[in-house]
Amino acid sequence: MSNLTRRDVLKGAGALLAGSTLPLSMVEMAFADKSKNFTFAYISDSHIQHIKSSQFVRNWDRGLIRAVAETNLMDPKPDFVFYGGDIAQLGKKSEIDHGLEILSGLRNKVHYVMGEHDYYLDLGEHWKKRLGPDYYSFDHKGVHFVVLNSIMTDHDWTHNTWSSGEERMNVMAGLDDPRGSAFMVGDKQRAWLKADLAKVDKNTPLVVFSHSPLQKLFKNWNFWTDDAEQIQALLKPFKKVNVFYGHVHQIQYNQIGNISFHSAMATAWPWPYPKSYSKATNYMPKLTVPINRADPFFERDATGWQYIDINSGNATMTFSLTDNKTRVVAFNPKTKQPEDTKYQGNTIPPQEHY
Ligand SMILES: [Fe+2]
Ligand SMILES: [Fe+2]
């Protein structure tokens, strides 16, 4: 990507979001032939929460309303918007409908992935009725995009453990509820993925969207997908893969072989990093330099743009963090991994609470 292109994107998105407190991502897909470049926006984890009658938790509404407004003002205009899951807090029809009503203000085509908060009340029935299949693929300007539902779990846990959908949803909605169950993509979707990818040339840039990370970071909070290795094996033959996920409500980045992993921020609230709050073993990517969070419950502490150079197969992400310093995560060809250009080796660790 030329400096001019990058400056132009920054000029548009930066002018719009300067001083903004909203987590919103602009992703540029860059090619050697610049006429092929395009952008898409990423919004995630709104957790719309119904109180009663026409009342919803105002703060979560405001986060999503603002994301929609700012996306509509982006320059250059994104080709489409990707929504990273958890529209609803407790999977209610009213929450999904209210969230989709707000999202209907977008002037773009929106692609959706399902989050666990959208699923575990009615096992995705209402979400699918409104939005269609929960796993699918599409092609856009030479890039193959795959969407996976990564928040499935054990059959018995889902169908034979709980007295009601509400009980099941409440257990899965708790970040650290020990009665929860590990997420997975599952056999059926992996078979579909294998067949879908068989039709794609291995030099085609591949982008995969999921809700949970397609890697194993911290099981207690389901920053985890149980069959991650099997999915990574299916992605391995491709020259370069970028995986985007929501769910973690924080910035993470990682590189496993040919796969670059990028998380999206939430419009609702940030989660602390696991090591700040739990003594349990976690595998947070060593590459990730955590955002400094003096107060992990400050709701609006990050907003970011990400630039992806698919031509070289590597990602450069520019994060503009409200109440923090802007940072750039760029691929270092010497070390062959993404690095936080300013903060790697000079980290400001999150505070520890035990
Ligand atoms: Fe979430
Ligand atoms: Fe989630």
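This chain uses plain numbering: 1 for the first residue, then up along the sequence. Both ligands and their constituent atoms are indexed starting at 1 by order of listing.
Checked against Met169 for a side chain to side chain contact (heavy atoms under 4.5 Å, CB included), the options Leu123, Leu121, Asp122 give a single hit: Leu121.
Put simply, the side chain of Lys141 reaches to within 4.5 Å of the side chain of Asp79, judged on heavy atoms.
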Worksheet item: Are Gln215 and Tyr245 close enough, and set up right, to give a side-chain hydrogen bond (donor to acceptor under 3.5 Å, both in side chains), and what steps lead you there?
Response: CA-CA 10 Å; Gln215 49 183 337; Tyr245 56 95; 3.2 Å; yes
Worksheet entry | Derivation and outcome, side-chain hydrogen bond (donor to acceptor under 3.5 Å, both in side chains), residues Asp154 and Ser181 | CA-CA 7 Å; Asp154 179 73; Ser181 184; 5.5 Å; no
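Among the backbone and side-chain atoms of His247, no N/O/S atom is found under 2.8 Å from the Fe ion (ligand 1). The Fe ion (ligand 1) has His47 among its coordinating residues (N/O/S atom, backbone or side chain, under 2.8 Å).
Nearest to the Fe ion (ligand 1), among the N, O or S atoms that His249 has, is NE2. Note on Asp45: its N/O/S atom closest to the Fe ion (ligand 1) is OD2. In Asp86, the N, O or S atom that comes nearest to the Fe ion (ligand 2) is OD2. Residue Glu116 approaches the Fe ion (ligand 2) most closely through its N/O/S atom OE1. The Fe ion (ligand 2) is closest to atom NE2 of His211 (considering only N, O or S atoms).
In this structure, Phe56 and Ser54 approach most closely via the heavy-atom pair CD1-O, 3.6 Å.
Using a 4.0 Å cut-off between charged side-chain N and carboxylate O, Asp187 and Arg190 make a salt bridge.
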